[in-house]
Amino acid sequence: MSTSQKERAALAALELVRDGMTIGLGTGSTAAFFIEGLGRKIREEGLEIEAIPTSQASDALARKAGIELIIPDETTVIDLDVDGADEVSAEGHLIKGGGAALLREKIIARAAKQFVVIADESKSVTELGAFPLPIEIEQFGFALTVRALRDMLAGEGHEGVELSLRHYEEGGFVLSDGGNFIVDAKLGRIREPVALESALNMIPGVVDCGLFIGMADQVIIGTADGIDTRRY
């Protein structure tokens, strides 16, 4: 995983920024390069930009960079959303949620006129699943939800799948900004991501899952030599 590759992808995404835009700010190490770069671009070019962060971490980083933040309402038009990914398939499907912000990320990505994913080449895969799939679940009755997840996944051919509530090394469960638990599902291989996303989100107690299917309009992969841009 190369920092320079992440920076290349972020810099390429900054070329899409125009004066007067409202921009969604993703979460994670690659998105952080975009947020910092956006702050510089606003200062150097005198741009008027409003932004919507997808996590408390991105909120804090954007404020430090001097980016004006807003709370969206029903009239808000999000021109561009730029975010990272944990895996990107050849079809443009994604696994996201390594930073426990998948629900807020999906809300903003779905609402944006253009959703652009930035990543280093280690995130580019032929098939999703090597990265554990994050699933955001309600705290109430969480053990019942985990059991339902295990039963459903077994019925879909994922017998013996390892499900674990994400926790800190020093103790305590990781919570999303919405106060929900994160379950990481080590599937190894996701053969039918479209069907799996639908099945997971039908389980009561599941808030959302980290499969972003058919949502990316553009993926910018930073490589050792430059960038690889894919449009969908």
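Just so it is clear, the model here is predicted, and its values are computed rather than measured.
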Checking the side chain of [X] only, and the main-chain atoms of [Y] only, is there a donor and an acceptor separated by less than 3.5 Å?
X      : Y      : value
Asp120 : Gly222 : no
Asp86  : Gly98  : yes
Thr54  : Leu25  : yes
Lys106 : Leu211 : yes
Arg110 : Met215 : no

Distance alone, cut at 3.5 Å: any donor-acceptor contact between the side chains of [X] and [Y]?
X      : Y      : answer
Arg104 : Ser58  : no
Glu136 : Asn180 : yes
Asp73  : Thr75  : yes

So, applying side-chain contact (heavy atoms from CB on, under 4.5 Å) with Ile35, which one of Leu61, Ile23, Val82 is it? Leu61
The side-chain contact (heavy atoms from CB on, under 4.5 Å) partner of Ile137 among Ile182, Thr145, Val207 is Thr145
Do the rings of Phe115 and Phe212 sit parallel, tilted or perpendicular, given the 30° and 60° boundaries? tilted
Could you measure the distance from the CG atom of Leu175 to the CZ atom of Phe181? Nearest 0.5 Å is fine. 6.0 Å
Roughly how far, to the nearest 0.5 Å, is the CZ atom of Arg191 from the CG atom of Leu128? 13.0 Å
Does this structure show an ion pair linking Asp184 with Lys186, if we count only N-O contacts that are shorter than 4.0 Å? no
Salt bridge or not for Lys41 and Glu45, using N-O below 4.0 Å? yes
Same cluster (ILVMFWY, side-chain, under 4.5 Å), Ile49 and Ile118: yes
Same cluster or not: Val117 versus Phe131, using hydrophobic residues (I, L, V, M, F, W, Y) connected whenever any side-chain heavy atoms lie under 4.5 Å apart? no
Between Ala111 and Ile78, what is the shortest heavy-atom contact and its length? CB-CD1, 4.0 Å
As a quick check of understanding, evaluate side chain to side chain contact (heavy atoms under 4.5 Å, CB included) for Tyr232 and Val219, giving each step before the final call. CA-CA 8 Å; Tyr232 301 95; Val219 174; 3.6 Å; yes
From CA spacing to verdict: side chain to side chain contact (heavy atoms under 4.5 Å, CB included), Met152, Leu196: CA-CA 10 Å; Met152 186 279 292; Leu196 182 59; 4.2 Å; yes
